[in-house]
Amino acid sequence: MWQNGLILVLSIISSTMIAEPNQEILNKVNINTEENIIEVQEEVEETEETEEVEETEEIEEQKEIIKFVPDKLKIREGIASEDVIRIKRFLKEKGYMDMASDYFYDGNTKSAIVKYQRDNGLSPDGIIGNHTYEKINQDMENNNISISEIEIEFTKDTPNGKFIIINKDSNTLYHLNGKEIIKKYPVATGKEPEYTPEGKFSIIVKYVNPAWGGAGRSKPIKGGAPNNPLGKRWMGLNIKGGGVYGIHGNSNEHSIGKYISLGCIRMFNEDVEYLYNIVEKNTPVWIGSEEKLKSFGVVFK
């Protein structure tokens, strides 16, 4: 009988323990649960931070690479152009040059290009042709090197409609519609800075197959002749009647890009023929160094 009573008492004690757990045990469970929640929160925060870093890295990897586009102008010693300053900036990024501040391809630039060509298995001739351009473009893409193009900022009013700007420093002619560049062309300008006049002019005469008078030191050459230094088109400026200074073609395409003329602006024949057909008389033409053009409100960046 007493045995049955003992069993009953034990059963009641066991039921009480199950129904009402020990408070110390509960406290331990709560602490462990809170620690687990904190650990999970920390893991989530670390994951979010990692994702943010990865997103930032992805944004950096999407930097725009403005590739060089080879054209008729072969960049070599003696040439001035926008491409030259961009190439210098690229060479500086790669550690081949210390400075990249102007548009002129000088002996130091040639030496740097020759070394770059030799290091990359190219013909070390110092001339930037298709193969060298291709390697530079590949190098920029593989190493995330972004070399920005030259931009023009206008701080003053420009002519209404279409007009022309000629930058003597970069030997570049810009055809614009208001402040928008329609197209730009490589040109040759005066052998000395003072040879090509600076100022605001306009086109007052246009000739197909102009004759060359010899410039007072050579025999005249008839219009259309392959050795005519004026090429096949002439757009004369309003200086001394329009027959002294003008935009014209050439008889030596290797002169384009150089400081070489007696004062006129030379273009590739196909370029001047194209421009001739779309430029009208009285089109404004602004000519100058970057310093002079800045006084007109034209800033190159």
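Computed from a predicted structure; not experimentally measured.
Annotation: Y103 is not in aromatic contact with F300 [ring centroid separation under 6.0 Å not met]. Ring centroid separation for the pair F201 and Y245 does not come in under the 6.0 Å cut-off.
Taken from CD in E82 to CG in L73, the straight-line distance is 11.5 Å, to the nearest 0.5 Å.
K183 meets the side chain to side chain contact (heavy atoms under 4.5 Å, CB included) test with Y185; sequence neighbours excluded. Here K206 pairs with nothing under the salt bridge (Lys or Arg N to Asp or Glu O under 4.0 Å) rule; sequence neighbours left out. For D71, there are no salt bridge (Lys or Arg N to Asp or Glu O under 4.0 Å) partners, not counting sequence neighbours. Applying the salt bridge (Lys or Arg N to Asp or Glu O under 4.0 Å) criterion to E134, with sequence neighbours excluded, gives no partner residue. The salt bridge (Lys or Arg N to Asp or Glu O under 4.0 Å) check on E141 picks up K67, with sequence neighbours excluded.
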List the atom pairs, with distances to 0.1 Å, where a side-chain N or O of residues 230-244 and a protein N or O form a donor-acceptor pair under 3.5 Å, not counting sequence neighbours.
residue, atom, partner, partner atom, Å
W234, NE1, G242, O, 3.0
N238, OD1, S202, N, 3.0

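Side-chain contact check for I66 versus I147: every heavy-atom pair is 4.5 Å or farther apart. S123 has its side chain out of reach of H131: every pair of non-hydrogen atoms, C-beta onward, lies at least 4.5 Å apart. When side chains are defined from C-beta on, Y133 counts as touching I87, because their heavy atoms get closer than 4.5 Å.
Under a 3.5 Å cut-off, the side chain of N143 and the backbone N or O of I145 do not form any donor-acceptor pair. Checking side-chain atoms of N137 against main-chain N and O of F68 turns up a donor-acceptor pair under 3.5 Å.
For the residue pair D106 and T109, a side-chain donor N or O sits within less than 3.5 Å of a side-chain acceptor on the partner.
More than 12 heavy-atom neighbours from other residues, nucleotides or ligands sit within 6.0 angstrom of OH on Y96. Shown here is K191, whose NZ atom has no more than 12 heavy atoms of other residues, nucleotides or ligands within 6.0 Å.
Taking each heavy atom of N228 and K222 in turn, the nearest pair found is ND2-O, 3.1 Å.
Using a 4.0 Å cut-off between charged nitrogen and carboxylate oxygen, D139 and K135 do not count as a salt-bridge pair. Of the charged side-chain nitrogens involved, at least one lies within less than 4.0 Å of a carboxylate oxygen, so that E153 and K301 count as a salt-bridged pair. At a threshold of 4.0 Å, the pair E253-K72 does not count as salt-bridged, since none of the basic side-chain nitrogens sits closer than that to a carboxylate oxygen.
Only one option out of I75, I256, N171 pairs with S81 in a side chain to side chain contact (heavy atoms under 4.5 Å, CB included); it is I75.
Judged by the 6.0 Å distance and 45° axis criteria, K200 is positioned over the aromatic ring of F296.
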